[in-house]
Q: 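Please see the structure below; I have some questions.
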Amino acid sequence: MEITTKTNGQSVDIFILGIIKTISDGQSIKEAVARVFAQDSQQLIHIHIKDSFIITSSVIGFLIKSIKIDKMELSVYVYSNELFTMLEDMNLIESMNVRKA
């Protein structure tokens, strides 16, 4: 898995390439999001999950906490129909600000 970050003035895009499958992958995602938020807590953050058809429960929990408790302006763009369907089945589309890319 690879993470790249791109700032474009009004928002920061975090691109996740490859399959999210290990604890280390989840930790890397959390650190990338936390780093962007620490730099500017008012910045819009867009997470793009490009390849993965799964997401770890720890990342799901982190994203929900970040949105609901930390008040991050965060959206998740999912490119896999399988992942989108899984998140939809778990009723997480609204709470995680998921959009189909």
Side-chain angles (χ1 to χ4, degrees):
M1 188 199 72
E2 180 184 332
I3 299 174
T4 58
T5 304
K6 180 181 175 189
T7 303
N8 58 25
Q10 297 157 21
S11 66
V12 175
D13 293 306
I14 299 172
F15 295 94
I16 301 167
L17 307 172
I19 308 298
I20 304 166
K21 55 187 168 187
T22 67
I23 293 170
S24 176
D25 292 342
Q27 190 61 35
S28 295
I29 293 167
K30 292 184 228 180
E31 288 170 1
V33 172
R35 194 170 31 253
V36 169
F37 186 67
Q39 290 173 356
D40 182 358
S41 63
Q42 301 303 308
Q43 187 76 268
L44 296 173
I45 301 171
H46 302 292
I47 299 173
H48 298 265
I49 303 175
K50 300 281 275 185
D51 305 316
S52 194
F53 57 91
I54 57 173
I55 186 170
T56 62
S57 60
S58 66
V59 172
I60 291 171
F62 171 78
L63 294 175
I64 292 171
K65 175 199 158 293
S66 297
I67 293 166
K68 300 294 183 188
I69 296 178
D70 299 335
K71 304 295 184 200
M72 281 187 197
E73 293 290 328
L74 187 141
S75 295
V76 179
Y77 292 85
V78 176
Y79 291 70
S80 162
N81 289 332
E82 195 173 353
L83 179 56
F84 186 85
T85 300
M86 181 191 80
L87 294 171
E88 190 173 44
D89 290 346
M90 297 171 70
N91 294 317
L92 294 173
I93 300 299
E94 188 176 319
S95 59
M96 286 178 48
N97 296 329
V98 176
R99 294 178 172 94
K100 195 170 186 179

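Here, residue 1 is the first one in the sequence, and each next residue gets the next number. Below, all heavy atoms of this structure are taken into account, side chains as well, without hydrogens, waters or symmetry copies.
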Q: Other than I19, what residues sit in its cluster of Ile, Leu, Val, Met, Phe, Trp and Tyr side chains whose heavy atoms are under 4.5 Å apart, directly or through others?
A: F53, I54
Q: Is Y79 reachable from I49 through a run of I, L, V, M, F, W or Y residues, each pair having side-chain heavy atoms under 4.5 Å apart?
A: no
Q: Under 4.5 Å between side-chain heavy atoms, hopping through other hydrophobics if needed: is there a path connecting M96 to L74?
A: yes
Q: Tell me whether N97 contacts the main-chain N or O of V76 through its side chain, where contact means a donor paired with an acceptor under 3.5 Å.
A: no
Q: Do M90 and I55 belong together in a cluster built from hydrophobic side chains that touch within less than 4.5 Å?
A: yes
Q: Roughly how far apart are I47 CD1 and Y77 OH, rounded to 0.5 Å?
A: 11.0 Å
Q: Side-chain heavy atoms nearer than 4.5 Å, only ILVMFWY residues, links allowed to pass through others: does that put L63 and M1 together?
A: yes
Q: Counting only heavy atoms not in E73, do more than 12 fall under 6.0 Å of its CD?
A: no
Q: Any ring pair (Phe, Tyr, Trp, His ring centres under 6.0 Å) pairs touching residues 81-101, not counting sequence neighbours?
A: none
Q: Keeping to residues at least two apart or across chains, list the side-chain hydrogen bond (donor to acceptor under 3.5 Å, both in side chains) pairs with something in residues 80-95.
A: N81-K100
Q: List, by chain and number, the other hydrophobic cluster members for I69, where Ile, Leu, Val, Met, Phe, Trp and Tyr join if side-chain heavy atoms come within less than 4.5 Å, directly or indirectly.
A: none
Q: Any salt bridge (Lys or Arg N to Asp or Glu O under 4.0 Å) involving residues 43-65? Give me the pairs, sequence neighbours left out, ordered by first then second residue.
A: K65-D70
Q: Check for me, please, whether I60 and F37 land in the same ILVMFWY cluster - side-chain distances under 4.5 Å, paths through other members count.
A: yes
Q: Measuring from T56:OG1 to F62:CZ, what's the distance to the nearest 0.5 Å?
A: 11.0 Å
Q: Kindly compute the distance separating CD1 (I16) from CD1 (I3), expressed to the nearest 0.5 Å.
A: 5.5 Å
Q: Could you give all pairs that pass the ring pair (Phe, Tyr, Trp, His ring centres under 6.0 Å) test and reach residues 3-23, with sequence neighbours left out?
A: F15-H48
Q: Supply the atom-to-atom distance K71 NZ to S66 OG, rounded to the nearest 0.5 angstrom.
A: 12.0 Å
Q: With sequence neighbours excluded, what pairs up with A34 under the side-chain contact (heavy atoms from CB on, under 4.5 Å) test?
A: none
Q: Can you name the residues that form a side-chain hydrogen bond (donor to acceptor under 3.5 Å, both in side chains) with S11, not counting sequence neighbours?
A: N8
Q: Start with the C-alpha gap between T4 and I14, add the side-chain angles, then the distance that decides, and say whether side-chain contact (heavy atoms from CB on, under 4.5 Å) holds.
A: CA-CA 6 Å; T4 58; I14 299 172; over 6 Å; no
Q: To the nearest 0.5 Å, tell me how far L87 CG sits from I93 CD1.
A: 5.5 Å
Q: Does T5 have any side-chain hydrogen bond (donor to acceptor under 3.5 Å, both in side chains) partners at least two apart in sequence or in another chain, and if so, which?
A: none
Q: With a 3.5 Å cut-off and sequence neighbours excluded, list the donor-acceptor pairs that the side chains of residues 22-29 form with protein atoms.
A:
from: T22; atom 1: OG1; to: S24; atom 2: N; distance (Å): 3.4
from: T22; atom 1: OG1; to: D25; atom 2: N; distance (Å): 2.9
from: T22; atom 1: OG1; to: D25; atom 2: OD1; distance (Å): 3.3
from: T22; atom 1: OG1; to: D25; atom 2: OD2; distance (Å): 3.3
from: D25; atom 1: OD2; to: K21; atom 2: N; distance (Å): 3.0
from: D25; atom 1: OD2; to: T22; atom 2: N; distance (Å): 3.2
from: Q27; atom 1: NE2; to: E31; atom 2: OE2; distance (Å): 3.4
from: S28; atom 1: OG; to: S24; atom 2: O; distance (Å): 3.0

Q: Partners of R35 by side-chain hydrogen bond (donor to acceptor under 3.5 Å, both in side chains), sequence neighbours excluded?
A: none
Q: Looking only at non-hydrogen atoms, find the nearest pair between H46 and D13 and report the distance.
A: CB-OD1, 3.1 Å
